[in-house]
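Written out below as C-alpha cells is the structure these notes cover.
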Amino acid sequence: MGASCGKGYAGSVQPEPGEGSAEVFGKLHVDDSAADCIPAGYRAKRRQAVSAEVATVSLDQPFELKKVHKSTDAEEGIRTAMQHCFLFADLEEEQRDDVVHTMFKRAVTPVKYGTAAFREGQEGDNFYIIESGHFKVTKADGDQQKLLFEYHNQGAFGELALMYNCPRAATVTAESAGVVWCMERSTFRSIIVVSSMQKRQRYEECLTAMPLFAALTPDQRAAIADCLSLDTFQDGEYILREGEELTSTSKFYLVQSGTVECFKQFSGAKVHVKTISAGSFFGEVALVQHVDSRAADCIAKGRVKLLSLGRDAFERLMGPAETVLAGQVSEYQKFNAHASSSHYAAAEVV
C-alpha cells in the first residue's frame with residue numbers, strides 16, 4: 001500500500017464460453033472504495049452515453065431484472081465470493097438471490113500494459129466480484145501510478161461510480177489470468193442502491209416507533225439508521241454472556257423481531273431476570289457505565305432479528321437519548337440492589 005506501481009499488465013475481460021450471455025466489454029477499471037476518492041467538487045449528473053438509464057433511483061419505480069442462466073456450481077461460486085464483500089452483508093435472502101441470478105461471468109486475460117486507456121475518470125458500466133486472479137488498484141500521482149490496494153482471489157470493486165454516478169476514481173490492472181463476476185450498472189443500482197434506501201427507510205420507521213428515540217429529530221434518527229446492521233440469531237444462541245469483556249467491537253442491540261431471554265448469576269444460581277421483546281433494547285448498560293464486562297447472559301428464544309449499533313457509533317450518536325438510557329440504567333441498579341439482598345430476580349440486562 002502506498003508504493004509506486006511499476007509497469008506490468010493491464011487486464012482485458014473476455015466472455016466465458018457457455019456461461020451466461022451479455023454484451024462483450026473490453027477494459028477493466030476499478031473504484032477505490034474510500035469516499036474521498038470522489039473527485040472534489042464533482043456533481044452527479046445523467047450519463048449521456050446510456051440513454052435508457054435512470055439518473056436517480058426511486059423506491060416507487062419498478063425495475064425488471066435481467067436474469068442470466070448459469071449452473072448450480074456457478075451460483076455457489078458467486079455466493080462464496082459474495083461472502084467477502086461488505087456490500088452484500090445486509091441484503092435479504094431474496095435480494096442475494098437476485099444478485100446471483102443477474103451476474104454474468106467473464107474471464108480476465110492480461111494484455112500488454114498501455115495498449116488501451118486504463119485511466120481513472122472514465123464512466124463505469126459494471127460492478128465486479130473476483131472469483132480468482134491477482135489485481136492491483138492504482139491511482140494517478142503526478143507522472144506515476146500510486147498503488148492503493150491488491151486483490152488476491154477475492155474482493156469486489158467498481159461500486160463507487162455506480163452508486164454515486166461519478167467517474168471512475170482509480171484503475172485496476174490484472175496481474176494474472178482470472179475470473180470475475182459482473183453486474184451491469186442499472187441492475188446494480190436497482191438491487192444494491194434501492195436495497196440501501198429500503199433498509200434505511202425500514203430502520204428509520206423502526207426507530208420512530210421506539211420510545212427510546214421519540215425525542216430525537218428525524219436527522220438524528222436517520223444518522224443512527226445509517227449505522228445499524230442486521231444480526232440474526234437462532235433459538236438458544238448466546239447474544240451476550242455475563243462477564244464477557246467489552247471491546248471496540250461490542251454492540252448495542254434493538255430487537256426487531258423475536259424474543260431474548262436474560263439470565264444473571266445470584267449466589268451461584270442462574271436466575272431468569274428479564275424477557276426482551278420486539279421494540280425493546282439491551283446492551284446499553286455496559287456502554288453507558290463504561291464498565292469492563294457484560295452483566296448478564298442474553299439468549300435468543302426462537303429466531304431473533306436484531307438491529308445492532310457498534311460501540312463507536314453508540315457513543316457518537318446516542319447522546320440525545322442519554323436521559324432515557326440513564327433512567328433505564330438507574331432502574332436496573334435499584335432492582336438489582338434489591339434482588340441481591342433478597343435473592344429475587346434482578347432486572348439488569350447488560
Side-chain angles (χ1 to χ4, degrees), residues 11-33 44-59 61-71 74-75 77-79 81-82 84-88 91 94-109 116-133 135 137 151 155-172 174 178-198:
S12 68
V13 183
Q14 305 299 333
E16 180 77 5
E19 198 63 79
S21 60
E23 71 277 11
V24 177
F25 56 97
K27 309 305 180 288
L28 189 60
H29 294 272
V30 67
D31 300 317
D32 180 49
S33 58
K45 62 182 184 299
R46 188 184 184 92
R47 297 172 70 242
Q48 301 301 319
V50 187
S51 59
E53 182 186 38
V54 179
T56 58
V57 177
S58 170
L59 292 175
Q61 186 176 32
F63 180 83
E64 185 177 351
L65 298 176
K66 299 176 183 178
K67 297 185 178 181
V68 179
H69 176 72
K70 53 185 69 71
S71 67
E75 291 188 356
I78 297 175
R79 293 184 190 279
M82 287 171 62
H84 303 287
C85 182
F86 76 95
L87 283 174
F88 305 116
L91 292 185
E94 181 179 343
Q95 293 165 326
R96 289 174 182 268
D97 289 341
D98 287 340
V99 171
V100 171
H101 295 153
T102 56
M103 298 203 87
F104 52 96
K105 189 176 184 179
R106 290 293 182 263
V108 178
T109 304
F118 287 85
R119 299 187 185 127
E120 60 198 79
Q122 290 193 337
E123 300 289 355
D125 291 320
N126 294 285
F127 166 69
Y128 306 92
I129 298 179
I130 298 169
E131 179 179 298
S132 63
F135 301 83
V137 184
Y151 294 101
F157 50 81
E159 74 278 4
L160 191 62
L162 307 191
M163 292 181 74
Y164 296 103
N165 199 24
C166 65
R168 295 296 196 188
T171 300
V172 66
V179 171
V180 292
W181 289 99
C182 316
M183 183 188 295
E184 57 91 20
R185 184 186 187 98
S186 57
T187 303
F188 176 89
R189 290 183 64 79
S190 175
I191 297 176
I192 305 300
V193 179
V194 170
S195 170
S196 296
M197 294 168 64
Q198 290 174 332

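Residue numbers start at 1 and run along the sequence shown. Please read all numbers here as calculations on a predicted model, not as lab measurements.
If you take CD1 on Ile78 and CZ on Arg96, they are separated by 13.5 Å, rounding to the nearest 0.5 Å. The CH2 atom of Trp181 lies 12.5 Å from the CE atom of Met82; values are rounded to the nearest 0.5 Å. Here the CG atom belonging to Leu65 is positioned 6.0 Å from the OG1 atom belonging to Thr102, to the nearest 0.5 angstrom. Atom CE of residue Met183 and atom CD1 of residue Ile191 lie 4.5 Å apart, to the nearest 0.5 angstrom.
A donor-acceptor distance shorter than 3.5 angstrom exists from the side chain of Lys70 to the backbone of Met103, with no hydrogens or angles considered.
Using a 4.5 Å cut-off on side-chain heavy atoms (C-beta onward), Lys105 and Val68 make no contact. Counting heavy atoms from C-beta outward, Phe157 and Ile130 have side chains that approach closer than 4.5 Å. Here the side chains of Val99 and Phe127 are not in contact, with every heavy-atom distance at 4.5 Å or above. Within the 4.5 Å cutoff, side-chain heavy atoms of Val108 are placed close to those of Phe135.
Residues passing the side chain to side chain donor-acceptor pair (under 3.5 Å) test with Arg79 are Asp97, sequence neighbours excluded.
Across all their heavy atoms, Tyr151 and Ala156 have their closest contact at OH-O, 3.3 Å.
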